[in-house]
Novice: 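Input: one structure, supplied below.
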Amino acid sequence: MNQASKPLPVWIDIVVIPLINLMLALSVSIVIIYLIGANPFEAIKLMIQGAFGSSEGVGYTLYYATNFIFTGLAVAIAFHSMLFNIGGEGQAYIGGLGVAVVLLAFDHYLPAWMLVPMALMASMVFGAAWAAIPAYLQAYRGSHIVITTIMFNFIAANLMVYLLVNIFIEPGSMTPQSRPFLDNAWLPSMQAIFADIGIKISESPLNLSFIFALIASFFVWIYVWHTRWGYEMRSVGFSEQAASYAGIKTKRVVMITMLISGGLAGLVGINEIMGVQHKLMLDFVAGYGFTGIAVALMGRNHPVGIIMASILFGALFQGGAELAFDMPIISKEMVFVIQGLIILFSGALTYMSRPWIEKLFCVFYQTRNLREI
Amino acid sequence: MTDSPVAIELKDISKSFGSVQANKNVNLKIYKGTIHGIVGENGAGKSTLMSILYGFYEADHGKIYVNSKETTIKNSTDAINAGIGMVHQHFMLVENFTVLENIILGAESGMMLSHSIANAKNEIRKLEESYGLYVDLNALVQNIPVGQQQRVETIKALYRGAKILILDEPTGVLTPQEADQLFDILRALKEQGTTIVIITHKLREIMRLTDYVSVMRGGEIVTSLKTSQTSKEELAELMVGRKIHLEIDKTPVKPGETLIDVRNLGLTDAQGVKRLDNINFQVKAGEIVGVAGVSGNGQSELLEILSGLSPCSEGKVQISDITITPKRQTDPRAVRNASIAHVPEDRIKRGLIPQFVASETAILGYHNSSAYNGIILTKTEEIRNHCVYLMKNFDVRPNNPDIKSANFSGGNQQKLILAREMEKIPKVLLVGQPTRGVDIGAIEFIHKQIVDIRDKGSAVLLVSGELDELLSLSDRIIVMFDGKIVGQVDASKADERMLGLLMTNSYENKEESQNESSI
Amino acid sequence: FDMGGKFDKSFNEGVYNGVEKFKKETGISYKSFEVTNPTQREQAIKKMAKRGANPILGIGFAQGPAIEKVAGEYPNTKFAIIDMVVNKPNVQSIVFKEQEGSFLVGMLAAMASKTHKVGFIGGMDIPLIRKFECGYAQGAKYADPKVEVIQNMTGSTPSAWNDPSKGGELAKAQFDRGVDVVFAAAGGTGIGVYQAAKDAGKLAIGVDSDQNYLQPGTMLTSMVKRVDVAAYNFYKSVKNGTFKPGIISLGLKENGVDWAYDKYNKNLITDKMKKAVQKAKADIISGKIIVHDYMSNNSCK
Amino acid sequence: MDFFSFNEILSIFSATIRISTPLIFAAMAGIFSERSGVVDIGLEGKLLAGAFASASVAAVTHSAWLGLGAAIVIGLILSLIHGFASITHKGDQVVSGVAINIIVSGLTVVLGMAWFHRSGQTPTLPNDARFMPINLYGVDTISNIPIIGDIYSKLLSGYNLLVYVSFAAVALTYWTLFKTRFGLRLRAVGENPKAVDTAGISVNLLRYKAVLIGGILTGIGGTYISIAQNASFIKDMSAGQGYIALAAMIFGKWKPIPAMFSCFLFGFLEALSMRLQGVSLPLIGEVPVQLIQASPYILTVILLAGFVGRAIAPKADGIPYIKER
Ligand SMILES: Nc1ncnc2c1ncn2[C@@H]1O[C@H](COP(=O)(O)OP(=O)(O)OP(=O)(O)O)[C@@H](O)[C@H]1O
Ligand SMILES: Nc1ncnc2c1ncn2[C@@H]1O[C@H](COP(=O)(O)OP(=O)(O)OP(=O)(O)O)[C@@H](O)[C@H]1O
Ligand SMILES: [Mg+2]
Ligand SMILES: [Mg+2]
């Protein structure tokens, strides 16, 4: 969206500027942490250590990143058709429902290698189905997708409470959650996978879904930029009139795009339900759908950017949790503040420092040129 | 050159966008009360120079003198205060505002709108009367034809008290009649002391209208001349740096089988207005049929139906292998598969996707072809090579498939679209406004390509607002008025005057039909 | 020690008070953590165990599975969980008979009501909240067979526990239907219910902690769930070496639940009401009255 | 259907008005902002911040008015931040809004704990530090007249001042947008900022003004939530109303009066759903609570699909204005 005004070496745009933004966000956080009476440098050290300092920390970071990659991709792909899918939250929730339905129905009868693809399908189909009505209404009735997807988030929440309390609940249980799946319906954890090949890593919720997320990113990249369908999708996004001139069925493209988007969001269900919780429960989406919006925008709607932004957000979540754990004075809300500041500086004030750097860069080059003369 | 005082003087103006130097040490004097033309190829830097004068861009260095006083123009407010007004090439109008609201925007006479509106109405009446600038003040801008929109822009400038008026390619989108009216207005303005700077690609207009003319090339002013002391040919050569053939060499027509057969075609729009009424004509292979008409008389609708973009409500069309009736709709994809190519009238909105790189635009509409697709993946290399090939064939500059489509000049965008549509030598070629806003070097080239493809046996249907283009390219010309065909003439036997008369068939009804016209 | 995060405020505050009391008395420090998403529950508990924290207390039913898992991995660490049953040799499960406390406040509501209509406002429609509601309705019917119990749930998303505006509107809607005493089991949402009751001159009943002080004159009573005592006792027992795994079920008899009677609501409770409630309490303790538990069959009958 | 007596219908309508008030403030704020071309997802955060500021200041000073003032100041500050990111630095408007929401959600609790030591809640306010319901002139006498009196006393009278202010805000928004010079320019800048720029008006300044007005309005809206509708701040008490307001604004096609009515619609559906819980419908029997709770959202979708045509946003909405293009 932002047009770079003057050409600078690429490394400045993708390395230096993001770093500066991160620094700025951290400086503001430091001031706030100092004001509430904690040692800010200790806090930041804890946060970084928590996120990346141990294989367990990294595991958690990547586990969160997995969710963000799915929801970020969902938002991004819709964006390429100029559709603002705010419904990732609900689609992920329903995607998890799909996973649970399949696993609860078949975990007694089928082996793991059959359950995994079935659950993958179910998560995507359910997520896509939840996106289908808003998509249809947008394409054929002109209802604004932002409103309909927001509404569908609420509807999904109500549906899930109803189902969990009245249908899926384990009899006699206090908790509105389904029975745990049998072991064969658990997605292998990274720890187990690494153990198989002889590498020991500490336990974390990180599981095979992370690989699925990377594969999904790759597919999105291929789909958007290297297939005719992606071409059509971007055409519709940039110019509906030109797209129809080119013989593209714009309404169908809107439908397909939203179905893919919903399917991607639904994959959160694989990570959470099949990979980590091993049962259907309330509120397992925990806002990942909304975070996906920020992730997609920060990642410039490109899979590589989304993966990087997801890891940043994963680190914020994990590091933040560790920070709150180890520094009682810092509450989870304080961690929100730090996260918000980082989003603000790296996502919205992205180019704030650019003019300065441009100047610096010019001066630097001029002096170098002078010296050469 | 003369003793009349200098209204504007530019000294050493330079401006670059990144690595592109759009203006290089430009020096220019414009005399008070004259009409000064600026010509130059696409991308020569004309618009940039005028935008600097109007404060839309800031020059990297150089000085501007207005009425011999050095003036800093950092933004449009400065320009307006210095008495400069501008009619931009792409209108700066708020489409869903009324004409009146657009005129007073930024020049309101008080806090309250009602007050401003009352005041403005009187003043605009005065402008209307003294210059013949009539507009419907209460119409929404999006509902009035471009000619009217341009008047709105002009009134906007005058309403702000402009004594110096800049017009960037004002006639690009106007019909000859509208252009004539504009020139009358400009002459009236000049009479009353306004200084006018006009950018145009049409040398004929320069010769008819201006007192002085400056030629730009590669960001520099090559020369400034008194119009009476130069000629079209000289200007053309100065612009392009080589000789230009303004005449087209054409072999006699050798018509083949009928490829477009339109019978009793009719179209009634959602409001129940008849946009097309009982249209009948044929186009044969190896023949160029031109469609003349004041814009808004059904030419665009005709093109849209033939290209499958919109359905018809009556009659029958046989085009290539495709039959179109009200019951049997078709779509652009089927049309293209039947070897029908379409160069749309509005290149920015339909013909290309500004955000796509050139190679992507180069396959728009053909993107499903197996030449560019594997089973799943697109063949990126093939697409790029194809684009490079098209660019070479049609002399698209810069010859780089990785540049965003938006960043080519209009003429080059047009060449790329033409290249795409003509490369496969379609059976039928539908072309709308092929040279709108394109410099004469490119026009020469485009005309030659269209004649070439006809000689290769394509049936060409050409919709254009340029009468001389129609006259020199077409073999036959049909004239449309109010959704009907009011005349079919042999191009070799027709002239501009005759077409003009046909196009305005019943002049008294014209105003009415324009109000009904589409956006 | 672990805070059950998003659940209700009054409830967590109770635990906090109990733990603070223990800390003050013994000088033993503790670590707490508030979760923001389901995955963090296990993460936090495990981390505490790993760091050698002993004992560890999980608060709220949502912690159950996490405690169960971690307790298996750290068999030497002593755990306790409130509001949930976990069958492990090193886990003490502390559950409350909320239905009994709710029964008593239900009686009070019915007796205080002039319209024979009493209200219940829950947070989310989940079993725990139905347990409250069910006991409340039984108590109300016991005291006044003609009474009508009108119930509402606030929502289906976590914001249902923090939406006082909606709580207030729900209360007003119930008042419009003739309710004049309302019991809120909805966390932060309850604040709005109490405020609405005060603004409308009706009565309200608090939950978990003694909330009578919040709106004196409006708060008829509170259904007190002595999580503070439970937490305190648990730590104490570990310290004294009297820790016993298994289920501890705290009802009226064990002083785990009760109704609040203090200086703030003295004037609202007549002697007659007080007597009736005290009698019922005794009857429940003695087993003469059996309050049906929603959990036993996921139904209120 | 005979579930609802006349009195109950009146009470549904008056609940509708009470529920709609913060939505209206936020929706008007959204209209100002988006009409100028700046998307404002941060409405939610600004409402919450306003709620916190007014409750805190009112708790300390015992003055509702000072609370209101503080909320407005906070709204302005947050708007400046949003403007700084998305107008001055052409940053992504949605990301900026999301960031503001997250920061506010955290910071209100952090500050609340630091100042009032009550897990993020502010002290309960006495009535004289709140905006209390006011009775319109002559309510006591008129209320005795049947029907008309009921309508007057129950439907028109008895709201707090800010409810009436919200109606005034709608009128003022309408007037500003469509009757003043400022409004003309504002609408123009959201449609075609280039046109505004070439007309000699600063695009950025205009957008800042619009966003700042939005800050004032959300400040009032937040004040309503914490010290008029309620008597203290509770964490996350805006509970998604900012997003609903955004939806209402789109539903109302970025026009003040239709947007107000869509706020009413949301409010009404919510008020209705509260009263439908536990009521059993003929034939169907008792409807699950969740279905009733979801009904406002389901109905909105149905209405959107059936009755409301394509909503067309201001053309430049969400697009930072970069001159050199
Ligand atoms: N905003 C911009 N950013 C980058 N380069 C620009 C920009 N505007 C113009 N240029 C460059 O400046 C050159 C001159 O552009 P300008 O618009 O002045 O041409 P022009 O003479 O008006 O062309 P035309 O006849 O097509 O209107 C172009 O070749 C282009 O490369
Ligand atoms: N963002 C940009 N980057 C680089 N060059 C640009 C950019 N925008 C415009 N240009 C250049 O500016 C010049 C003028 O652009 P403009 O949009 O005025 O087209 P034009 O050539 O004047 O159109 P027309 O053919 O209708 O007269 C073009 O040569 C184009 O290459
Ligand atoms: Mg130009
Ligand atoms: Mg041009």
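So that the names make sense, note that chain A is the first sequence line, chain B the second, and so on, each numbered from 1.
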Novice: Counting only heavy atoms closer than 4.5 Å, note whether D:Ser232 contacts chain C via side chain, backbone, both or neither.
Specialist: side chain
Novice: Counting a contact as any heavy-atom pair under 4.5 Å apart, which residues of residues 165-173 of chain C contact chain D?
Specialist: C:Ser165, C:Lys166, C:Glu169, C:Leu170, C:Lys172, C:Ala173
Novice: Does the distance from a Lys or Arg side-chain N to an Asp or Glu carboxylate O, for C:Asp180 and C:Lys117, drop under 4.0 Å?
Specialist: no
Novice: Tell me whether the centres of the aromatic rings in D:Phe13 and D:Phe268 are closer together than 6.0 Å.
Specialist: yes
Novice: Would you sort out whether D:Thr108 and D:Lys235 count as a side chain to side chain contact (heavy atoms under 4.5 Å, CB included), showing the intermediate values?
Specialist: CA-CA 7 Å; D:Thr108 46; D:Lys235 73 168 186 175; 5.7 Å; no
Novice: Most heavy-atom pairs under 4.5 angstrom with chain D, which of C:Ala196, C:Pro164, C:Gly192, C:Ser159?
Specialist: C:Pro164
Novice: Could you tell me whether the side chains of C:Tyr194 and C:Gln211 share a donor-acceptor contact shorter than 3.5 Å?
Specialist: yes
Novice: Return yes if a side-chain donor-acceptor contact under 3.5 Å exists between C:Asn265 and C:Tyr213, otherwise no.
Specialist: no
Novice: What heavy-atom pair brings C:Ala112 and C:Leu203 nearest, and what distance separates the two atoms?
Specialist: CB-CD1, 3.9 Å
Novice: Looking at C:Thr154, C:Thr157, C:Thr189, which one has more heavy-atom pairs under 4.5 Å with chain D than the rest?
Specialist: C:Thr154
Novice: Between D:Gly221 and D:Pro22, what is the shortest heavy-atom contact and its length?
Specialist: O-CB, 4.2 Å
Novice: Do you know which of D:Glu270, D:Met132, D:Met274 has the most heavy-atom pairs under 4.5 Å to chain C?
Specialist: D:Met274
Novice: What part of D:Thr124 is in contact with chain C, defined as an atom under 4.5 angstrom from a non-hydrogen atom: side chain, backbone, both or neither?
Specialist: side chain
Novice: Heavy-atom pairs under 4.5 Å with chain C - which of D:Ser238, D:Ser14, D:Ala15 has more of them than the others?
Specialist: D:Ala15
Novice: Output yes when C:Asp83 and C:Lys131 qualify as a salt bridge under the 4.0 Å nitrogen-oxygen rule, no when they do not.
Specialist: no
Novice: For the residue pair C:Gln215 and C:Tyr264, confirm or rule out a side-chain donor-acceptor distance under 3.5 Å.
Specialist: no
